[in-house]
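Report on the following structure.
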Protein chains: 2
Amino acid sequence: MTPAGPDRRPTLADVAARAGVSTALASIVMREAPGASATTRERVRRAAEEIGYRPDSRARLLRSSRSRLLGVVFGVQHAFHGDLVSGLYAAAERVGYELALSAVTPGRDERRAVAGLLSDRCEALVLLGPHSPTAALADLAARLPVVVVARSVRSAAVDVVRTADAEGMHLAVDHLVALGRRDVVHVDGGRAPGAAERRRGFREAARRHGLEARVVAGGLTEDDGAAAARALLAGPLPTAVTVFNDRCALGVLDELRRAGRAVPGEVAVVGYDDSRIARLATVDLTSVAQDVAQLTTLAVGRAVARLDGTPVERRELVVPPRLVVRSTTASPR
Amino acid sequence: MTPAGPDRRPTLADVAARAGVSTALASIVMREAPGASATTRERVRRAAEEIGYRPDSRARLLRSSRSRLLGVVFGVQHAFHGDLVSGLYAAAERVGYELALSAVTPGRDERRAVAGLLSDRCEALVLLGPHSPTAALADLAARLPVVVVARSVRSAAVDVVRTADAEGMHLAVDHLVALGRRDVVHVDGGRAPGAAERRRGFREAARRHGLEARVVAGGLTEDDGAAAARALLAGPLPTAVTVFNDRCALGVLDELRRAGRAVPGEVAVVGYDDSRIARLATVDLTSVAQDVAQLTTLAVGRAVARLDGTPVERRELVVPPRLVVRSTTASPR
DNA sequence: GCCTCCTTCTAGAACGTTCTAGGCCAGGGA
DNA sequence: TCCCTGGCCTAGAACGTTCTAGAAGGAGGC
């Protein structure tokens, strides 16, 4: 019978009492720290097992000034953020950190998400494609290390890890031109994180090839893509289209096919993100892939470097993208 | 100059010192508890503001035995889980609880996700479509209240909140029959959470209408749906298809259209989940909608009831689904 | 004057861990 | 004999909160 009620969560003191040692020694055993004999270790471990002891990470963190906890803010809507979160878990584990997740939802904005993490005593924050203004991010960075992923921020206070989106568009345009497609249009992502950079890359590459750099309004969703495709269908059809992201590209594809236009026969289409959608057999979309493993490893690495006080050379880390060619691009029929 | 280094996180004692009161009183003010004069409140609040004080939720939770923290395990891949998480945040906030998120990723299984939440001192767990065997869930439920969402579990130990999936299939089949479609096939979800129930519902409804209850193998993804459609195209085409979920339905749709079959002219298609995909103008899929707001409100409510010791009548709460009719179902051409 | 009651406040003990400082004992060198 | 040294262990103080018990001071009733 435990002293303070039957359903009390077992504590280290309970383990120690049962094993007949001090709590300090029990702590040593549980942490696998040096300073206990083999027999005692065994005894303490068995006691812990028997009463179902689980360390209370909050008490643990309270005591040690370091929490080894990285806060992550992600958008619950974005499939790509899901991939990034997976990568972050793996990267954090490799360097002995834990993750605290906080989601941005339609009813919970970034401020709320960040506030939650701050009171959880995270040592640093990793923000996935944040929408907060630069000033707000800089304010935050005055409190603790902040790493922004997949968006570029013009501030000396925050670290940025992102894909070389302009280069990704170069790859896409070069690929299309090599296929003999010279009338290329870009379907834009508006004010979404990364859109400006991708637009810029498109324009640079088009100019380099001596092409007219035509850009039409698009967006993040399939419906935005469909609308853009309808706009394109109203005029003379280009021979190739680069699209802000895969979801939008899907809308473009669908609308083109509905209008009876052959893809890639008449029009080639390139997406961005290499999401699961792009990889589906029924879609099989050529797309610019972001290197998730690299992005997440660098993001965690940068956060840890800041915490350890390791000198850091550049604020911005840029990861090269990769073009994944599938069946929506080919030479004209 | 703070005593213990310049970048120490400000604590309640700092606030109290600056305001010239005891920490206990500062605590009272920060918690908005009764027992402080208006002028003192104002003074303490200003001091907190000035030094940028943020309560340390871990210390707070350590002290009070209640953590008011609900652990949520979700799959980072599932768009539907994203919707549920959004709803859970809102529902938890309404009853004064916080959420701790723990993701299941390709490299992080449910055991890991749950273990993390347990050491975070969550009072109860909400599991979204868990894959763990019933026995493991029951073990867990012996430690703390467990609510499983969107899957049915045959165990008296855990609470379940789910959609009446069988009824959803009744709605779908009734709708198709009312449209004059009597040759209906179900594309199955295999061992996915909810699949068995949906299959059962389909069979019941078909039998009720005196139809042959034909079921073909499908799955969760677009590719599974495409494969199922190819199987259907190999024989005489049914006049209607119900599909395990929207993603799979999308594959079915795509493959049917590629084969030149008119939807809904020749074949009507009904999906399940009413996901964002189904709502897209380019897809516009008739689908069975799950009531996310209701599911999440009930899940949180049930967890809280267990914690408060409120007597609970049934272990399983079943929420009625709703049929959303769009353009993939109509009378035969 | 004394008692009670209220409001406003404070000291100090929790909470469950880790860490610091030190105790005790055996072994070994002088 | 004495003093180190090293291995194993413990007491007790942190960590930043909240909570309990109670003090101080005034108002009011007798």
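So you know, we letter chains A, B, ... as the sequences are listed, proteins then strands, and number each from 1.
There is a side-chain donor-acceptor pair under 3.5 Å between A:S102 and A:R108.
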Let me check something: any side-chain donor-acceptor pairs from residues 26-37 of chain B under 3.5 Å, sequence neighbours excluded? List them with distances.
residue : atom : partner : partner atom : Å
B:S27   : OG   : B:R31   : NE           : 3.0
B:S27   : OG   : B:R31   : NH2          : 3.0
B:R31   : NE   : B:S27   : O            : 3.3
B:S37   : OG   : B:T39   : OG1          : 3.3
B:S37   : OG   : B:T40   : N            : 3.3
B:S37   : OG   : B:T40   : OG1          : 2.6

Under 3.5 Å donor-acceptor pairs involving side-chain atoms of residues 144-159 of chain B, not counting sequence neighbours:
residue : atom : partner : partner atom : Å
B:R151  : NH1  : B:P130  : O            : 2.7
B:R151  : NH1  : B:S132  : O            : 2.9
B:R151  : NH2  : B:S132  : O            : 3.4
B:S155  : OG   : B:A157  : N            : 3.0
B:D159  : OD1  : B:R302  : NH1          : 3.2
B:D159  : OD1  : B:R306  : NH2          : 2.8
B:D159  : OD1  : B:R315  : NE           : 3.3
B:D159  : OD1  : B:R315  : NH2          : 3.3
B:D159  : OD2  : B:R306  : NE           : 2.6
B:D159  : OD2  : B:R306  : NH2          : 3.4
B:D159  : OD2  : B:R315  : NH2          : 3.2

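Here A:R18 does not pair with A:E49 in a salt bridge; the nearest charged N to carboxylate O distance is not below 4.0 Å. A salt bridge links B:E42 with B:R46; the closest basic N to acidic carboxylate O contact falls under 4.0 Å. Salt bridge absent: A:R68 and A:E123 never bring a charged side-chain N and a carboxylate O closer than 4.0 Å.
Taking for each of B:G20 and B:S64 the nucleotide of DNA chain C with the nearest heavy atom, the 5'-most of the two is the partner of B:G20.
No donor-acceptor distance shorter than 3.5 angstrom exists from the side chain of B:S67 to the backbone of B:L61, with no hydrogens or angles considered.
Within 6.0 Å of the CD atom in A:Q77, the count of heavy atoms belonging to other residues, nucleotides or ligands exceeds 12. The local environment of CD in B:E110 is crowded, with over 12 non-hydrogen atoms from other residues, nucleotides or ligands closer than 6.0 Å.
Computed from C1' positions of five pairs at each end, the angle between the two local axes of the helix from C:dG1-D:dC30 to C:dA30-D:dT1 equals 70°, rounded to 10 degrees.
A nucleotide of DNA chain D counts as in contact with chain B when one of its atoms lies under 4.0 Å from a heavy atom; the first and last such, 5' to 3', are D:dG16 to D:dC19.
Partners of B:T11 by side-chain hydrogen bond (donor to acceptor under 3.5 Å, both in side chains), not counting sequence neighbours: none found.
Near-neighbour residues of DNA chain D inside residues 21-41 of chain B, defined by a heavy atom below 4.0 Å, number-ordered: B:A24, B:S27, B:R31.
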